[in-house]
Amino acid sequence: MSDETDENKLIARRREKLAGLREADAPAFPNDFRRDTLAATIHERYGGMADEALEAAGARVCIAGRMMTRRVMGKASFAHLQDRSGQIQLHVRRDDLGEAAYRAFKEWDLGDIVGACGTLFRTRKGELSVQCDTLRLLTKSLRPLPEKWHGLTDPETRYRQRYLDLIVNEESRRVFTLRTRLLSALRRYFDEAGFMEVETPMMQPIPGGAAARPFVTHHNALGRDLYLRIAPELYLKRLVVGGLERVYEINRSFRNEGISTRHNPEFTMLEFYQAYADYRDLMALTESLLRHLTQEVLGTGQVHWQGSTYDFASPFERLSLNEAILRYNPDLAAADLAERERAAEAARVRGIEVGAGDGLGKILLALFEETAEAQLHGPVFITDYPREVSPLARPRDDAPFFTERFELIVGGREIANGFSELNDPEDQAARFREQAQERSDGDDEAMHYDADFIRALEYGLPPTAGEGIGIDRLVMLLADCDSIRDVLLFPAMRPES
RNA sequence: GGGCCGUUAGCUCAGCUGGUAGAGCACCGGACUUUUAAUCCGUUGGUCGUUGGUUCGAAUCCAACACGGCCCA
C-alpha cells in the first residue's frame with residue numbers, strides 16, 4: 001500500500017505496532033503454529049460435561065482463529081477466538097503467561113489472528129473456556145473490524161468486501177455454507193443416479209440453448225469473436241448423441257442483461273440430460289431431487305421463504321399453462337385461449353403488449369407470465385408450453401401446438417425448466433430457421449442456426465429429456481434470501497468510484 | 001431505462017425551518033485476576049459521496065454526476 005493518505009489513525013496505529021514488532025524481531029506472521037482442534041469440536045465434546053468432570057479431565061487444546069472480542073481486567077483478560085467452526089473464549093492471566101507475554105497480548109488488536117493453548121474450564125457464568133498457558137500472534141491485522149454490536153450492515157460494503165462480511169456476519173456464513181452443502185448434495189444425488197458430471201465450453205462460437213443476449217469476447221490468436229455461453233444445453237445433447245446417455249453440468253452461464261435482485265450477469269445453472277426418458281420422468285425426478293435436497297440441507301421438507309411455507313414433502317401440483325391462465329382470469333374461457341385474435345384481445349385488455357408477429361403461443365406465454373405466474377404458490381409444475389416459445393422441445397404427439405415441457409414454480413418464481421428433447425433433426429433445423437428469421441426480424445434474443453448441432457442430431461439423439469435448474473434461485477429459496485446478491489459470494493457491482 | 005430513498009468518524013447512527021459537527025462502539029492513557037454490549041475515569045478522531053449554484057454564511061436549500069438500496073419496465 002503506497003498511498004497512505006486514505007488511512008486513518010486506527011490503521012496508522014496498527015502499522016506502528018507492526019513496525020514495533022519488526023524492530024523487536026518478534027514475528028508478526030509466523031506459520032509454524034499448529035492447532036489440534038476447532039471451537040465447535042470443543043463445545044461438542046465438553047459442552048455437556050459437569051464442571052468437576054471438566055476439571056478432572058484437564059483437557060489441553062491448541063486452537064487458532066481471529067480475535068473477535070477482548071475484555072482486559074488488569075492482570076487477567078477474556079477474549080473470543082473465531083475459527084471456521086465458531087467461537088471459543090480464552091481466559092488469559094498474567095500469572096499464567098508471564099509479565100512479557102501478557103503485556104504483548106494487551107498490545108494486540110481485535111482482528112489479529114492468534115494461536116492459543118491451554119486447559120478447558122468453565123467460568124463462573126458457565127462459559128466453556130480455555131485457560132491459556134501459551135498465546136501467540138499468528139497474523140497482525142492492520143484494519144479495524146466493524147463494531148461488535150451492530151456489526152456490518154451496509155449492503156454495499158457487504159458485497160464489495162465479502163471477506164469482511166464473512167468475518168463478522170454469522171448469517172452470511174450460514175448462507176454460503178448452505179450453498180456449498182446444497183451443491184454437494186446435488187452432485188451426490190446425480191452421481192448415485194448414474195449421471196456423469198461433465199464440463200462443456202463456456203466460450204462458444206455460436207451461443208445457443210436459450211433466448212438471451214450473450215457477452216462477446218475476442219480470441220486474439222484465432223482473430224475472431226467468441227461468446228460466453230448463455231446455456232450449456234446444445235453441448236450436453238451432443239454428449240448424449242455420443243452415448244454418454246446421462247450427463248449433468250453445474251457451472252456458470254452468462255446473460256447480457258440488467259442487474260437486479262433476481263439477475264446477475266453470471267449465474268450458476270444445473271443442466272442434466274437423461275436418455276430414454278421424457279418430461280414426465282423428469283417431473284418425477286425433480287420431485288424426488290428437491291425432496292431429497294431439502295431434507296439433506298434443511299432437515300425437513302417444509303421450506304420457509306419470506307414468511308410463507310412451501311411443502312416439498314407432498315406430491316407437487318401439476319397444471320397446464322392454459323389451466324393456470326384460466327385459474328387467475330375467471331372471465332376467460334378455454335375458447336379464448338384457442339384463437340390468436342381472442343387471446344390477443346384478452347392480452348391487450350390486460351395491458352400486455354402484443355407484437356404484430358407474435359403468434360398464439362407467445363401471447364399465451366405472456367398471459368401466463370403477466371397474470372398467473374407470480375400468484376402461483378407451489379411447488380407446482382406448469383406443463384404444456386406452446387411450441388412457438390420452445391424451439392428445442394419435442395411437440396406433444398396428440399397436440400403438436402404444445403410441447404412436452406414443464407417449468408417448476410415456487411413462490412411465483414421459476415426454479416426449473418425441463419422438457420422432452422426435440423430429436424428430429426429436420427424439425428430442429430426448421431425451428432432454427434424460424435429462429436433465424438425472428439433474429440433478422442429484429443429479435444436479438446432469438447437463437448442462431450447451429451449447423452454442427454443439427455449434424456449431431458442427424459447421427460441420432462436417442463429419446464431424451466433434459467432440464468435446467470437455477471442454482472442461485474434454489475439457494476435463495478432454501479436460505480430464505482430475497483436478493484440473488486445474498487447468495488453470490490461476489491455479486492456483480494459497478495466499479496468503486 | 002423510470003420512480004422513490006440513502007451516502008456524516010474505522011463501524012452503527014443523530015444532526016429540525018441555513019449560523020460553522022455529535023453519540024455509542026472501536027482506538028489511545030489510567031484503574032481493575034471469572035468477564036461476556038465487562039465496568040469506571042480521561043483523551044483522540046471528520047474533504048459531511050463529488051462538482052457546481054443560491055446565500056453574508058451550506059452537512060442542511062437547488063442542480064448535475066457517482067455509487068448503493070427498494071419498486072417498476
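Keep in mind it's a predicted model, so treat the numbers as computed, not measured. So that the names make sense, note that chain A is the first sequence line, chain B the second, and so on, each numbered from 1.
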Cationic tip of A:R70 above A:F105 ring, under 6.0 Å, 45° of axis: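 The answer is yes, since A:R70 meets both limits relative to A:F105.
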
Nearest-Å distance once atom P is located in both B:C5 and B:A64: 14 Å

Taking any strand in view, what nucleotide pairs with [N] in a Watson-Crick or G-U wobble way, both distances under 3.5 Å?
N	value
B:U17	none
B:C25	B:G10
B:U39	B:A31
B:C4	B:G69
B:A63	B:U51

Close residues, residues 56-77 of chain A, relative to RNA chain B [heavy-atom separation under 4.0 Å]: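 Within this stretch, A:R71, A:V72, A:M73, A:G74, A:K75, A:A76 sit under 4.0 Å of the strand.
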
Proximity to RNA chain B (any heavy atom under 4.0 Å), residues of residues 38-54 of chain A only: none

Under 4.0 angstrom between A:T123 side-chain N/O and B:U35 OP1 or OP2: no

For nucleotides 68-71 of chain B, tabulate all protein N/O to nucleotide N/O atom pairs closer than 3.5 Å, reporting atom names and distance.
from, atom 1, to, atom 2, distance (Å)
B:G68, OP1, A:R494, N, 2.9
B:G68, OP2, A:R494, NE, 3.0
B:G68, O4', A:E156, OE1, 2.9
B:G69, OP1, A:R485, NE, 3.2
B:G69, OP1, A:R485, NH1, 3.2
B:C70, OP2, A:R485, NH1, 3.2

Ring geometry between A:Y385 and A:F368 (parallel below 30°, tilted from 30 to 60°, perpendicular above 60°):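 Perpendicular, since the angle between the ring planes exceeds 60°.
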
Parallel, tilted or perpendicular: rings of A:F406 and A:F381 (30°, 60°): perpendicular

Touch class at under 4.0 angstrom, heavy-atom based, for A:R14 against every strand present: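 Result for A:R14 = nothing.
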
Minimum heavy-atom distance between A:A492 and A:I259, given as atom pair plus value: CB-CD1, 4.0 Å

Separation of atom CG in A:L142 from atom P in B:G10, rounded to whole Å: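 Rounded to the whole Å, the gap is 16 Å.
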
